[in-house]
Amino acid sequence: MSVIEPGGTIGIIGGGQLARMMALEARRMGYRIGVLDPDREGPAAQVADFCIEGEFADRTAAEALAARSDVITIDTEHVPAEVLEWLETMKPVRPAASILRIVQDRCVQRRFLESQGAPQPKYALVLDAKSLREAAAIVGFPCVLKTRQSGYDGKGQVKIDRMEDLDDAWGAIDYRPAILEAFIHFGKEISVLLARDLSGNMRFYPIAENLHRHHVLHTTQAPAPTLSAALWAEAEALGAGIASALGHVGMMAVELFVTQEGGLLVNEIAPRPHNSGHYTFGACATSQFEQHIRAICGLALGAPSLLRPAVMINLFGDLWRDGLPDWHTVLSHPSARLHLYGKQRPLPGRKMGHILILDNENGQSALEIAETIDRVGY
Ligand SMILES: Nc1ncnc2c1ncn2[C@@H]1O[C@H](COP(=O)(O)OP(=O)(O)OP(=O)(O)O)[C@@H](O)[C@H]1O
Ligand SMILES: [Mg+2]
């Protein structure tokens, strides 16, 4: 079992905000960080020791990263699995290529979940116009059409309310291979955030409740305020079963719907730190980013304990519409912490950063403070 001691080099494929926060935590622990990304000014490249400029599918660039790294990890699951498979012949790759093969295709992921007996929305595969109709007959309306590959932040998915809209919806995702899922009128959305080490030990973070707007995560509250102890345990058991079956090493998030009847359905698996776990960076004894680094380097896992209840609000590019957002108002709340990812262009819908808010010492809850910040529109 290969352990990478502090002082070693971690190579990350993808240079977005997850890689940036991994790099910040890893550097604090004395690791060196290399990033492979097409943008050498991107969020992670700005804080890495070195950046190799290249596309994820560029084998020369990937080999150059591996040559200088002791272990390879990922910022996104949309790294070609064959590139990771090939890197596995050179260096430890965590999570393994075999896991990415499963999660990067929504249909393969759903079949894997089925094989594990995990509860999930009804779904069917869409390859052509005929199978689209058959899928609608199986799944019913409303439903959501999602591309099999490359979806993130709600991109590549369309909600469909009526049979007449089927063709347009498929056109809206460029007639790509897709899955059609039943639209779930869920009571709430939660995520199980866990870490699994090389020996199979696991640590669970407090389950978070997530609020999405337009299919994109907006706010996370931890711990999930109104989850029963029984559902909490059931959700953790589901997450643990999935992580073990995959033989995962590192952080993992399992996004779940809690149905109005009080059941759980798996939405999707992310084998890496996750947006709904950003709250751990400041609100927990060990952040999800440090935890991921510990796991992939073969170190003992850290305590996931919550220091104080927290709310995380994502900051989208839209907030820059009229110039710089008013950070002074945000920061005038002593328990609010600003995280910006160093992205140069604040495009609408683009995740630029987040604010973490903790319950304050005067008994004001993070949620109340978040609402005041939200009201002034920061
Ligand atoms: N079957 C469904 N029923 C109801 N809502 C859904 C369904 N599928 C997706 N959504 C809504 O859209 C959100 C994003 O969906 P999903 O997680 O599949 O997409 P994604 O593009 O992978 O998003 P991300 O990368 O942000 O997690 C969900 O969190 C949920 O709010
Ligand atoms: Mg999701």
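We count ligands from 1, going down the list as the structure has it; atoms in each ligand are counted the same way.
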- Message: Checking the N or O distance criterion of under 3.5 Å, is ligand 1 in contact with F186?
- Response: no
- Message: Could you check whether any heavy atom of H185 sits closer than 4.0 Å to an atom of ligand 1, since that is the contact criterion I want to use?
- Response: no
- Message: Please work out, at 4.0 Å between heavy atoms, whether the side chain, the backbone, both, or neither of E181 comes within that distance of ligand 1.
- Response: side chain
- Task: Could you tell me whether ligand 1 has any atom less than 4.0 Å away from a heavy atom of V216?
- Result: no
- Task: Give every protein N, O or S atom lying under 2.8 Å from the Mg ion (ligand 2), naming each by residue and atom.
- Result: E255 OE1, E255 OE2, E268 OE2
- Query: Would you say A182 and ligand 1 have an N/O pair spaced under 3.5 Å apart?
  - Reply: yes
- Item | Shortest non-hydrogen contact between P271 and I74, atoms and distance | O-CD1, 4.3 Å
- Record the part of R106 in heavy-atom contact with ligand 1 below 4.0 Å; permitted values are side chain, backbone, both and neither. side chain
- Message: Any nitrogen or oxygen of H212 lying under 3.5 Å from a nitrogen or oxygen in ligand 1? Just yes or no.
- Response: yes
- Which ligand 1 atoms are under 4.0 Å away from a heavy-atom of E268? 16 (P), 17 (O), 19 (O), 20 (P), 22 (O), 23 (O), 24 (P), 27 (O)
- Task: State the atoms of ligand 1, each with its element, that fall below the 4.0 Å cut-off from a heavy-atom position in E189.
- Result: 28 (C), 29 (O), 30 (C), 31 (O)
- Query: Considering distance alone, does some N or O of I184 sit under 3.5 Å from an N or O of ligand 1?
  - Reply: yes
- Item | ligand 1 versus N210: contacting region, heavy-atom distance under 4.0 Å | neither
- Hey, is ligand 1 close enough to D153 that some N/O pair sits below 3.5 Å? yes
